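Written below as structure tokens is the structure these notes are about.
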There are 4 protein chains.
Amino acid sequence: MTIKSLFEYQIQNLFGGAYKYMVQRKGSLKERQRQEREQYILQAAEEIMLEKGYHHTSMDEIADRVGIAKGTLYLHFTRKEELAYALVEPKLNMFLESVQQARAYNGTAQEKLIYLLEKEMSGAFFQFMLRSDPDLASVFKAQQQRIDGLIAEIFGGIGKILDEGKEAGLFDRELPNEMMAFQFINMFDPHLYLKMVEQQQMSKETFIRHVAKVYLRGIER
Amino acid sequence: MTIKSLFEYQIQNLFGGAYKYMVQRKGSLKERQRQEREQYILQAAEEIMLEKGYHHTSMDEIADRVGIAKGTLYLHFTRKEELAYALVEPKLNMFLESVQQARAYNGTAQEKLIYLLEKEMSGAFFQFMLRSDPDLASVFKAQQQRIDGLIAEIFGGIGKILDEGKEAGLFDRELPNEMMAFQFINMFDPHLYLKMVEQQQMSKETFIRHVAKVYLRGIER
Amino acid sequence: MTIKSLFEYQIQNLFGGAYKYMVQRKGSLKERQRQEREQYILQAAEEIMLEKGYHHTSMDEIADRVGIAKGTLYLHFTRKEELAYALVEPKLNMFLESVQQARAYNGTAQEKLIYLLEKEMSGAFFQFMLRSDPDLASVFKAQQQRIDGLIAEIFGGIGKILDEGKEAGLFDRELPNEMMAFQFINMFDPHLYLKMVEQQQMSKETFIRHVAKVYLRGIER
Amino acid sequence: MTIKSLFEYQIQNLFGGAYKYMVQRKGSLKERQRQEREQYILQAAEEIMLEKGYHHTSMDEIADRVGIAKGTLYLHFTRKEELAYALVEPKLNMFLESVQQARAYNGTAQEKLIYLLEKEMSGAFFQFMLRSDPDLASVFKAQQQRIDGLIAEIFGGIGKILDEGKEAGLFDRELPNEMMAFQFINMFDPHLYLKMVEQQQMSKETFIRHVAKVYLRGIER
DNA sequence: CATGAATGAGGATTCATTCAT
DNA sequence: CATGAATGAATCCTCATTCAT
């Protein structure tokens with residue numbers, strides 16, 4: 001086995017709920033209802049897959065939960081695999097967008113990373129990254145390349161910020177960007193978040209502050 | 001939906017090959033052969049599941065690889081799920097053992113953590129954690145509790161070391177143990193390891209040194 | 001099991017394109033357009049079924065090719081099966097017509113058969129019989145009787161010509177009409193035609209001459 | 001669409017019951033029972049496919065008729081398509097064998113053809129060719145080549161006999177072998193046989209005599 | 001009438017598990 | 001005990017047909 005993606009673990013965690021941002025192709029009622037139903041399908045699929053895992057989630061059950069016929073699912077997603085992909089992809093895109101905003105943020109490299117942490121830890125990406133289905137990672141075939149591309153872009157963006165910090169003498173030059181970026185991403189660990197914020201009643205702000213502190217201290221020159 | 005385990009990610013990574021340490025219940029030839037066969041089964045299952053994922057690994061293929069009849073598998077493991085569990089559990093136990101050795105190690109809290117990093121990054125736990133099957137995590141049901149118990153013990157052990165460090169004024173008292181332990185465990189990220197050591201030709205020692213530096217700096221007072 | 005039709009093979013081969021001969025029931029524009037659309041549907045259905053076979057031809061694809069909605073198909077044909085029947089029936093009718101013309105042809109029984117061979121081997125019937133969908137034969141249920149009726153008429157007509165020839169002392173009296181008629185029909189074997197004329201570059205005229213020679217010699221007194 | 005095989009029509013007709021000739025790999029009871037069951041499966045498949053056509057025959061129904069579980073079918077035939085192929089192939093092989101015996105038969109070319117007619121019209125090939133499923137022809141993919149190969153051999157064998165007859169001055173030299181062979185094969189038309197022998201109470205011998213007469217007269221010099 | 005979205009029955013195939021030998 | 005043949009539940013996907021708009 002080869003690790004399909006440097007970032008496999010996170011990929012698994014990325015699906016979830018920011019469907020509202022999808023563009024409607026037509027303003028017609030029909031089209032709006034179609035879009036709405038697609039959201040319900042995605043929600044149902046997400047819920048069930050998170051509970052049971054991809055392989056134990058049947059198209060039947062998804063359709064049942066949404067209250068539509070099985071065949072209707074296939075009007076929206078040609079394959080079960082496509083449905084799963086539609087769950088994952090927008091989350092990655094949103095994260096990439098945040099990375100780009102962080103790069104454009106007016107401040108030091110450290111501030112940029114904190115900005116990114118804050119933005120994504122509060123955003124849809126992270127909220128839904130919280131509950132992931134590890135099963136999913138073994139599913140994508142045709143889409144793996146597209147996913148890998150997105151991940152590479154995300155890593156690249158973070159790398160640029162790290163370079164900036166190294167040039168400014170803020171970050172330890174000995175550490176390879178790749179490792180630093182990887183560990184940064186690991187800060188978004190949803191299980192840790194769950195444990196601390198939801199179960200231990202730590203505030204989200206405190207959580208982010210702690211995470212930022214550990215990470216930034218860890219990499220500083 | 002409930003998160004099956006705080007530690008889901010690691011669970012996935014824990015299975016792998018140190019079956020030889022299992023205790024033989026009887027010295028009889030029959031029993032010894034039985035034990036031996038069980039190891040072969042576990043090895044075969046591990047190999048195939050790592051290559052194809054849990055759900056795409058069939059009992060047929062495992063039996064074939066071992067060279068026994070499919071029915072014989074069921075003399076060892078009542079269910080496919082049990083077989084998977086038998087893959088994961090010893091790895092967790094070994095890790096727990098290492099944690100206990102680290103605690104007993106003669107040195108500062110920091111040295112203990114470095115000891116643990118070095119031990120496990122070179123040990124069977126980590127070696128096999130490297131190539132994990134994300135599929136697995138969605139499988140356990142009956143066994144989840146037992147796994148959670150082991151994980152709690154591991155966390156507890158690391159927490160004791162962290163407490164020691166805090167009392168000695170080495171570690172940041174503001175950070176909760178749980179978070180610190182979690183992030184320590186995240187240092188074992190197999191994807192990062194693969195990326196850096198296997199693909200980028202970084203030596204294992206350098207990798208561990210970097211990881212330790214970032215982590216220990218991050219949590220120091 | 002019952003053989004659906006004595007003449008199953010030929011049935012399969014009979015559909016094809018002479019829809020233009022269908023009578024329009026009304027002269028109204030609407031009705032004319034309706035008729036026209038029906039022809040397009042039949043053409044499209046024929047094309048696709050010949051390419052893919054009945055069972056692999058979907059109503060969707062037919063509608064798409066015509067450029068109408070799937071539902072509209074059902075305004076013309078209540079079932080897929082009916083559509084297929086509408087493909088086959090006119091070919092049989094045309095053949096029957098040719099048989100009747102052959103009977104009325106001014107000449108010996110032999111000349112009548114040659115007339116029929118020439119007419120149909122050049123006609124729409126045969127042209128489209130050339131490329132048939134064997135799938136079709138397993139489809140008809142309700143319509144089987146109607147088809148059987150047409151076939152019986154065709155056989156009857158050929159039988160009359162054969163009787164004529166026997167009475168004139170031209171044909172072997174020992175051979176039953178049914179067998180002779182059957183073998184005559186077999187002369188229209190589209191696979192043989194394809195093989196000889198299209199693949200081996202034999203001229204259509206030579207082909208007909210050979211076929212007529214073998215058949216007429218075979219049955220002569 | 002291109003005609004997949006010169007001989008497509010006949011292919012469809014060739015499946016049926018001479019399974020008893022299959023070689024048993026082991027003499028064990030188990031293996032014998034396995035073979036026996038395979039025959040039952042083939043019989044059931046044949047019966048149902050002849051009644052309903054390939055596409056309307058479900059694996060469920062075949063299993064039901066045999067009285068085994070659906071999964072058991074797949075121990076014998078990996079795909080529905082394979083099952084169909086297993087129905088067709090032995091018939092072609094037997095026919096080919098008969099052709100070779102006819103070539104070796106001690107007599108004139110005409111007598112050889114008569115020998116072949118008699119042998120096959122009484123043999124399993126023809127008996128089961130009687131009831132064919134035209135649906136089948138649209139099914140084979142992987143196997144089409146093998147089938148085409150067999151057919152080419154059959155045609156080649158018949159062609160040799162025809163050459164012999166031409167050289168001996170018995171057959172019309174103007175007629176191409178291919179056409180003659182094709183028309184000879186058409187003499188085996190199962191629908192004609194059914195009509196004459198089963199429905200019209202003609203004896204098999206008379207039927208063969210008539211067929212031979214028409215064909216041999218037709219092609220004679 | 002025309003549309004095409006929605007339906008859901010139907011069917012092939014897989015594979016964990018059982019059990020007679 | 002060991003076997004591996006037999007099972008049948010489970011599941012994805014297709015597509016003819018219906019019907020609200």
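Sequence lines set the chain letters: A, B, ... in the order given, protein chains first and strands last, and positions in each chain run from 1. Just so you know, these numbers come straight off a predicted model, no measurement behind them.
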C:L42 vs C:F77 side-chain heavy atoms within contact, under 4.5 Å: yes
Could you tell me the Watson-Crick or G-U partner of E:dA6, where both distances fall under 3.5 Å? Say none if there is no partner. F:dT17
Could you tell me the separation between the CE atom of D:M49 and the P atom of E:dG11, rounded to a whole number of Å? 13 Å
Side-chain contact test, heavy atoms from C-beta onward, threshold under 4.5 Å: evaluate it for B:H55 versus A:H56 and give yes or no. yes
Quickly work out the C:E38 CD to E:dC1 C1' distance and round it to whole Å. 15 Å
Can you see if the side chain of C:R34 gets near the phosphate of E:dA2 - specifically, an N or O under 4.0 Å from OP1 or OP2? no
Distance in angstrom units between B:Q33 CD and F:dA2 P, rounded: 9 Å
Out of F:dC12, F:dC1, F:dA16, minimum distance to the side chain of A:S58 belongs to F:dC12
Among E:dT3, F:dT3, E:dT7, the one nearest any side-chain atom of C:A69 is E:dT3
Hey, does B:R37 have a side-chain heavy atom less than 4.5 Å from the side chain of B:T72? yes
To the nearest angstrom, how far is B:I62 atom CD1 from F:dG4 atom P? 17 Å
When you match B:T72 and D:G67 each to their closest nucleotide on DNA chain F, which lands nearer the 5' end? B:T72
Between P on E:dG11 and OH on D:Y54, what's the gap in Å once rounded to a whole number? 13 Å
Flag side-chain contact, heavy atom, 4.5 Å: C:T78 against C:L83: no
Let me know the distance between CG of B:L73 and C1' of F:dC1, rounded to the nearest Å. 14 Å
Side-chain N or O of B:R37 versus OP1/OP2 of F:dA2: is the shortest distance under 4.0 Å? yes
Measure from CD on C:Q35 to P on E:dC1 and round the result to the nearest Å. 12 Å
Can you tell if the side chain of B:Q43 reaches within under 4.5 Å of the side chain of B:R65, non-hydrogen atoms only? no
Which atom pair, heavy atoms only, marks the closest approach of A:V88 to A:I147? CG1-CD1, 4.3 Å
Using the 3.5 Å cut-off, write out each protein N or O paired with an N or O of nucleotides 17-20 of chain F and the distance between them.
| unit_1 | atom_1 | unit_2 | atom_2 | d |
| --- | --- | --- | --- | --- |
| F:dT17 | OP1 | C:R79 | NH2 | 2.9 |
| F:dT17 | OP2 | C:Y74 | OH | 3.4 |
| F:dT17 | OP2 | C:K80 | N | 3.0 |
| F:dT17 | O4 | C:K70 | NZ | 2.8 |

Across all strands shown, which nucleotide pairs with E:dC1 by Watson-Crick or G-U wobble geometry, both distances under 3.5 Å? none
Carboxylate-amine/guanidinium proximity below 4.0 Å for A:R34 and A:E38: yes
I need the NE2-C1' distance between D:H56 and E:dA12, as an integer number of Å. 15 Å
